[in-house]
Participant: 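Questions regarding the structure given below will be posed in turn.
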There are 2 protein chains.
Amino acid sequence: MSLPHAILTALLEKPSSGLELTRRFDRSIGYFWSATHQQIYRELGKLEEAGQIRALRSAEPARGGKKEYEVLPAGRAELAEWVGRSEEPKPIRDALLLRLRAAAVAGPDAVAGIEKELGRHLALHEAQLAEYLDMERRQFGPDQDSEADRLRYLVLRGGIELERFWTGWLTEALATLRTR
Amino acid sequence: MSLPHAILTALLEKPSSGLELTRRFDRSIGYFWSATHQQIYRELGKLEEAGQIRALRSAEPARGGKKEYEVLPAGRAELAEWVGRSEEPKPIRDALLLRLRAAAVAGPDAVAGIEKELGRHLALHEAQLAEYLDMERRQFGPDQDSEADRLRYLVLRGGIELERFWTGWLTEALATLRTR
DNA sequence: GGGCGTTGTGCAACTTGTTGCATAAGCGGG
DNA sequence: CCCGCTTATGCAACAAGTTGCACAACGCCC
């Protein structure tokens, strides 16, 4: 159950409205924890109910007016507690690897179709890698002073290396399939 | 919605009962598509209902007796169709990366606790990598004749490289944290 | 033969994530 | 002024995944 903590983190970085959060989940935070606007609104409601966040300028009309949230001390405490918790790494669930394994039993005609899919994914991961490398260049110069900066850089490094894994493996897979 | 297709794949590789499937999902298949016995039983019921699989020796008493399933032609067709489908790669959801990012805003005391967690994960991923390398050594000799063997080997290669990513990144992360 | 652990199947309730749609304010153009 | 577009919040229904437990058969062993 990490979504509430993802939201608390995002709100601590910068107080935001629901839609702003949604946008940020499509960019930085969402690169390792995605969420739709529905999940976010629902969770914001629960967090407010639980007294962990609070709406600013609450007098706005209920519908159509933007509502900004900030984290309360209880929310910060909950987040700190969660960060210290231990959790088993969940096994991956990857449909592409599953497809490949299914292709092995589904017959040779299935293999032909999957090659295109592998190529498509390769292009997507290459684009994502390029974007991360761009972020690395722009946001993280040679001088990382603060602890927080170094942690954020580590997270980005994770994204970069993960995309390198994908591009590398997909390239290998395509090469193998083509020499059949 | 990949679980039914994971089950069809497993059943094509070898007809099994619900519990046998569960065990196999804890080993090979589950390395990239995990599932609990609950999900599997529920899904087996649906697949049988849909006429894609069939129980062997169905006269067994309803409770406590094992029920083996095999794939029917309709199931094989459905799987082949699914293999050819296109699907967007879903953004990762990784709690550890999220924790690290949360630690950056939750304060320095949170950082101390996370170091232990990173070390624990590193050990787990190293063990998984060793297991994959062992499988590689035992199951895949230098001679891979059949197309199906090569595809299965590619899937294993994916697992290996993914674990290499994790061990590499976790090592880097721990080194960075320790030189603060 | 009665208790005990293992194997095996399954229901029910819950949480989490997704999809489709409704509502409303604000803004700009014809 | 009203039509359509964007911004913004939200309900409802559904699908997928998780957790806790119940129940039955089998072997075993004392």
Side-chain angles (χ1 to χ4, degrees), chain A residues 1-8 11 15-26 29-30 32-50 53-69 82 87-95 98, chain B residues 1-8 10-11 15-26 29-30 32-50 53 55-69 82 87-95 98:
Chain A
M1 230 210 18
S2 307
L3 179 57
H5 305 105
I7 291 178
L8 287 172
L11 287 181
S16 309
S17 69
L19 196 61
E20 278 164 359
L21 277 179
T22 304
R23 296 239 167 79
R24 291 171 60 198
F25 270 76
D26 286 341
I29 295 259
F32 48 90
W33 202 276
S34 63
T36 65
H37 74 121
Q38 278 310 331
Q39 287 177 272
I40 289 167
Y41 281 119
R42 205 198 308 178
E43 208 59 47
L44 283 173
K46 285 191 203 165
L47 286 169
E48 189 175 24
E49 179 108 16
I53 61 173
R54 170 177 66 176
L56 303 173
R57 316 183 235 142
S58 55
E60 303 268 353
R63 277 280 165 126
K66 100 161 48 172
K67 231 160 69 174
E68 288 218 305
Y69 290 94
W82 175 81
E87 204 171 348
E88 295 319 300
K90 295 210 300 179
I92 40 158
R93 282 243 178 90
D94 189 86
L98 184 60
Chain B
M1 236 212 12
S2 307
L3 180 57
H5 304 103
I7 291 179
L8 287 172
L11 287 181
S16 310
S17 70
L19 196 62
E20 278 165 358
L21 277 178
T22 305
R23 296 238 167 79
R24 293 171 58 197
F25 269 76
D26 287 340
I29 294 258
F32 48 90
W33 201 276
S34 63
T36 65
H37 74 121
Q38 277 311 330
Q39 287 177 272
I40 288 167
Y41 281 120
R42 203 192 314 174
E43 207 59 48
L44 283 173
K46 285 191 204 165
L47 286 170
E48 190 176 21
E49 177 108 17
I53 62 174
L56 303 174
R57 318 184 236 142
S58 55
E60 303 268 352
R63 275 278 165 129
K66 98 163 46 172
K67 233 161 67 174
E68 288 218 306
Y69 290 95
W82 175 79
E87 203 170 349
E88 293 320 301
K90 296 209 300 181
I92 39 157
R93 282 246 177 91
D94 189 86
L98 185 59

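Chain identifiers are assigned alphabetically (A, B, ...) following the order of the sequence lines, protein sequences preceding nucleic acid strands; residue numbering begins at 1 within each chain.
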Participant: Grab the CD1-C1' distance between B/Ile40 and C/dT9 for me, whole Å please.
Facilitator: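 Roughly 12 Å, once rounded to whole Å.
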
Participant: Can you tell me how far C1' of C/dG17 sits from CD1 of A/Ile7, to the nearest Å?
Facilitator: 13 Å

Participant: Could you tell me how far apart A/Leu44 (CG) and D/dG10 (P) are, to the nearest whole angstrom?
Facilitator: 8 Å

Participant: Holding to ring-ring contact (aromatic ring centres under 6.0 Å, His included), I want the full list of residues that pass it with B/Trp82, two or more places apart in sequence or in another chain.
Facilitator: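 With neighbours one apart ignored, the set is B/His5.
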
Participant: Measure CZ/B/Phe25 against P/D/dT18 and give the value in whole Å, please.
Facilitator: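 One finds 12 Å between P of D/dT18 and CZ of B/Phe25, rounded.
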
Participant: I want to verify a distance call: between D/dG17, D/dT7, D/dG10, whose nearest atom is closest to the B/Gln39 side chain?
Facilitator: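 Nearest listed nucleotide: D/dG17.
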
Participant: A/Glu20: what forms a salt bridge (Lys or Arg N to Asp or Glu O under 4.0 Å) with it, not counting sequence neighbours?
Facilitator: A/Lys66

Participant: Check salt bridge (Lys or Arg N to Asp or Glu O under 4.0 Å) between B/Arg24 and all other residues, then give those that pass, not counting sequence neighbours.
Facilitator: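 B/Arg24 satisfies salt bridge (Lys or Arg N to Asp or Glu O under 4.0 Å) with B/Glu13 only.
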
Participant: Figure out the CD/C1' separation between A/Glu43 and D/dT9, and round it to whole Å.
Facilitator: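 Atom CD in A/Glu43 sits about 16 Å away from atom C1' in D/dT9.
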
Participant: Do any side-chain nitrogens or oxygens of B/Lys67 fall under 4.0 Å of OP1 or OP2 in C/dG10?
Facilitator: yes

Participant: Has the side chain of B/Thr22 got a donor or acceptor atom that lies under 3.5 Å from a matching backbone atom of B/Gly18?
Facilitator: yes

Participant: Rounded to the Å, how far apart are B/Glu68 CD and C/dT9 P?
Facilitator: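 That distance rounds to 9 Å.
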
Participant: Partners of B/Glu87 by side chain to side chain donor-acceptor pair (under 3.5 Å), sequence neighbours excluded?
Facilitator: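 Once residues adjacent in sequence are excluded, the partners of B/Glu87 under the side chain to side chain donor-acceptor pair (under 3.5 Å) criterion are A/Arg99.
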
Participant: With DNA chain C as reference, determine whether B/Lys90 or B/Arg23 sits nearer its 5' end, using the nearest nucleotide of each.
Facilitator: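 Mapping each residue to its closest nucleotide by heavy atoms, the 5'-most match is B/Arg23.
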
Participant: Nearest-Å distance, NZ (A/Lys46) to C1' (D/dT9)?
Facilitator: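 Result: 17 Å.
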
Participant: Ignoring hydrogens and geometry, is there a side-chain-to-backbone donor-acceptor pair from A/Glu48 to A/Gly45 under 3.5 Å?
Facilitator: no

Participant: State which residues pass salt bridge (Lys or Arg N to Asp or Glu O under 4.0 Å) with A/Arg54; sequence neighbours excluded, sorted by chain then number.
Facilitator: A/Glu70

Participant: With the criterion being N/O to N/O and under 3.5 Å, what pairs connect the protein with nucleotides 19-21 of chain D, and how long is each?
Facilitator:
| unit_1 | atom_1 | unit_2 | atom_2 | d |
| --- | --- | --- | --- | --- |
| D/dG20 | O6 | B/Gln38 | NE2 | 3.0 |

Participant: Which part of the nucleic acid, if any, lies within contact of B/Ser17, taking any heavy atom under 4.0 Å across all strands shown: a base, the sugar-phosphate backbone alone, or nothing?
Facilitator: sugar-phosphate

Participant: Given D/dG10, is OP1 or OP2 found less than 4.0 Å from the side-chain N or O atoms of A/Tyr41?
Facilitator: no

Participant: Please report the distance, rounded to the nearest Å, between CD in A/Glu48 and P in D/dG10.
Facilitator: 9 Å

